[in-house]
Number of protein chains: 2
Amino acid sequence: MAIQQNIRLSVDAVVFGYTARESISVLLIKRTIEPFLHSWALPGGFVRDHESLEEAVTRELQTESGVHINYLEQLYTFGLPSRDPRGRVVSVAHFALVNPTNFKLAASSDAEDAGWFNIKELPDLAFDHAGIIAEAVKRLRGKIRYQPIGFELLDKKFPIADLEKLYETLLDRPIDRRNFQKKMNHLGILIAHNETQKQLSQGRPAKLFSFNEKRYFQLMKDGIAFEV
Amino acid sequence: MAIQQNIRLSVDAVVFGYTARESISVLLIKRTIEPFLHSWALPGGFVRDHESLEEAVTRELQTESGVHINYLEQLYTFGLPSRDPRGRVVSVAHFALVNPTNFKLAASSDAEDAGWFNIKELPDLAFDHAGIIAEAVKRLRGKIRYQPIGFELLDKKFPIADLEKLYETLLDRPIDRRNFQKKMNHLGILIAHNETQKQLSQGRPAKLFSFNEKRYFQLMKDGIAFEV
DNA sequence: TCAAAAGTGTTATCGTTACACCCATGC
DNA sequence: GCATGGGTGTAACGATAACACTTTTGA
């Protein structure tokens with residue numbers, strides 16, 4: 001009953017990182033093989049016979065860039081027959097969040113180079129990867145409406161302004177500091193610490209906060225009604 | 001540069017239908033081939049070399065059951081190496097909505113039988129299809145929080161109570177009729193008609209409504225903040 | 001002492017919830 | 001005329017939005 005198929009399966013990952021200075025960035029790697037040799041592309045590769053999709057993504061991310069993944073979920077499967085010039089390759093795209101300050105990017109064997117690109121200044125990309133990133137950005141922007149966000153992207157302790165800037169970037173509009181703070185307090189996901197940020201600029205030093213993980217993950221499951 | 005892979009790709013569809021009497025049901029077909037011969041399973045099958053994933057689902061649904069699809073989106077890709085006893089089969093599951101009154105189910109060549117099953121009374125299912133349905137139900141319940149729902153499931157004209165029952169079923173709790181109506185009016189997605197429902201039970205005949213499609217699809221894109 | 005960023009509270013508005021009586025129909 | 005389901009409004013409450021002055025620090 002074997003059905004002859006000529007379809008190969010790959011995985012790709014859209015890895016988002018965030019820093020208050022650099023805003024939201026995507027991890028890209030420079031290809032070392034044809035097609036699209038020397039083009040920027042999403043990290044990813046072919047799935048092996050005995051590994052799950054998630055194992056495949058994790059392996060590829062490890063070997064291509066050395067990131068520490070904080071969050072990983074499936075995004076969408078891209079299967080147009082024409083998306084890869086080598087023939088039929090269906091790719092299961094994934095969505096990942098990392099904190100870029102937690103590790104050094106390491107372009108290794110499979111990648112000529114690896115780097116962060118602001119989502120508003122992406123280079124030309126291999127295959128349909130620009131479309132995949134567009135979907136991932138949609139997902140990220142969408143998440144904000146029904147899940148808390150930030151834990152996987154920010155440092156363990158952070159000034160509340162960092163979180164606010166993250167929301168402002170994703171929503172692409174200004175937010176009232178006071179109301180934002182009130183709402184976060186109301187959600188109960190922030191824990192205040194008696195520490196202030198080491199000074200990196202002028203102005204009053206900011207108190208540091210961390211997430212109440214229990215409450216955070218509870219709300220992540222239950223969903224929130226949160227319009228900033 | 002060909003990489004030898006022994007993975008086959010299939011598609012499956014979780015098709016939801018709704019009637020005020022029968023509540024939310026899933027379309028299942030009875031398998032005519034091994035493995036899981038004579039078991040109930042989701043409609044689906046292998047993707048052909050030159051068709052897109054969506055084409056593959058549509059084709060399978062057509063040949064296996066003859067449904068009229070009103071809405072189709074990708075759900076999730078299931079890729080555990082052990083999910084199919086025949087070997088490695090990765091399945092891209094889809095999520096579909098139909099109005100069961102629009103057509104007659106037709107079990108054809110590929111299916112011994114086809115039928116609707118209430119999501120609370122599912123039979124034993126082939127492969128990991130029970131898990132796939134569970135994911136689809138989650139998606140359906142989730143949608144209600146950020147998208148209008150009903151257009152693809154209900155008749156063109158319907159009494160508002162049908163829509164309310166749909167929400168009550170998905171939310172699994174009672175809803176206040178008056179507040180529900182006010183909220184729907186506020187959203188502006190309902191158009192009242194000067195017709196009443198043909199009597200099928202005792203009581204005052206209900207006014208019929210239809211959806212304001214333009215507004216409906218606008219809100220579907222923009223998202224809604226809607227807590228019933 | 002000035003510039004920069006952080007901390008903080010009140011009011012008005014809007015949306016949500018809770019709740020009960022009357023109306024049209026079939027039996 | 002009674003049982004069944006449909007149609008409709010108001011008041012209390014809670015959440016959201018708008019808005020400005022004071023504090024701490026570095027230069």
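In the text below, chain A, chain B and the rest are named by the order of the sequence lines, each starting its count at 1.
Comparing dA3(D), dG7(C), dA4(C) against the side chain of Gln202(B) picks out dA3(D) as the nearest.
Rounded to whole Å, the distance from CZ on Arg204(A) to C1' on dC21(D) is 13 Å. In this structure, Phe180(A) atom CZ and dT16(D) atom P are separated by 13 Å, rounded to whole Å. In this structure, CG of Leu163(A) is placed 19 Å from P of dA5(C), rounded to the nearest angstrom. If you take CG of Asp162(A) and C1' of dA6(C), they are 13 Å apart, rounded to a whole angstrom. Separating the CG atom of Asn179(A) from the C1' atom of dA15(D) is a distance of 11 Å, rounded to the nearest angstrom. Distance, Arg178(B) CZ to dG5(D) C1': 14 Å, rounded to whole Å. Spacing between atom NE2 of His186(A) and atom P of dG9(C) amounts to 17 Å, rounded to whole angstrom units. Atom NZ of Lys183(B) and atom C1' of dA18(C) are 12 Å apart (whole Å).
Of the two residues near DNA chain D, Asp176(A) and Pro159(B), the one whose nearest nucleotide lies more 5' is Pro159(B).
Residues His38(A) and Glu112(A) bring a donor and an acceptor atom of their side chains to less than 3.5 Å of each other. Side-chain polar atoms of Thr101(A) and Asp155(A) form a donor-acceptor pair below 3.5 angstrom. Using modelled atom types and a 3.5 Å distance limit, the side chains of Asp12(A) and Ser91(A) yield a donor-acceptor pair.
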Carefully, step by step, assess Lys143(B) and Glu73(B) under the rule salt bridge (Lys or Arg N to Asp or Glu O under 4.0 Å). CA-CA 12 Å; Lys143(B) 263 187 186 308; Glu73(B) 70 175 32; 3.1 Å; yes

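With hydrogens and angles ignored, a donor-acceptor pair under 3.5 angstrom links the side chain of Arg177(B) to the base of dG7(D).
Within 4.0 Å (heavy atoms only), Lys182(B) reaches at least one base atom of the nucleic acid.
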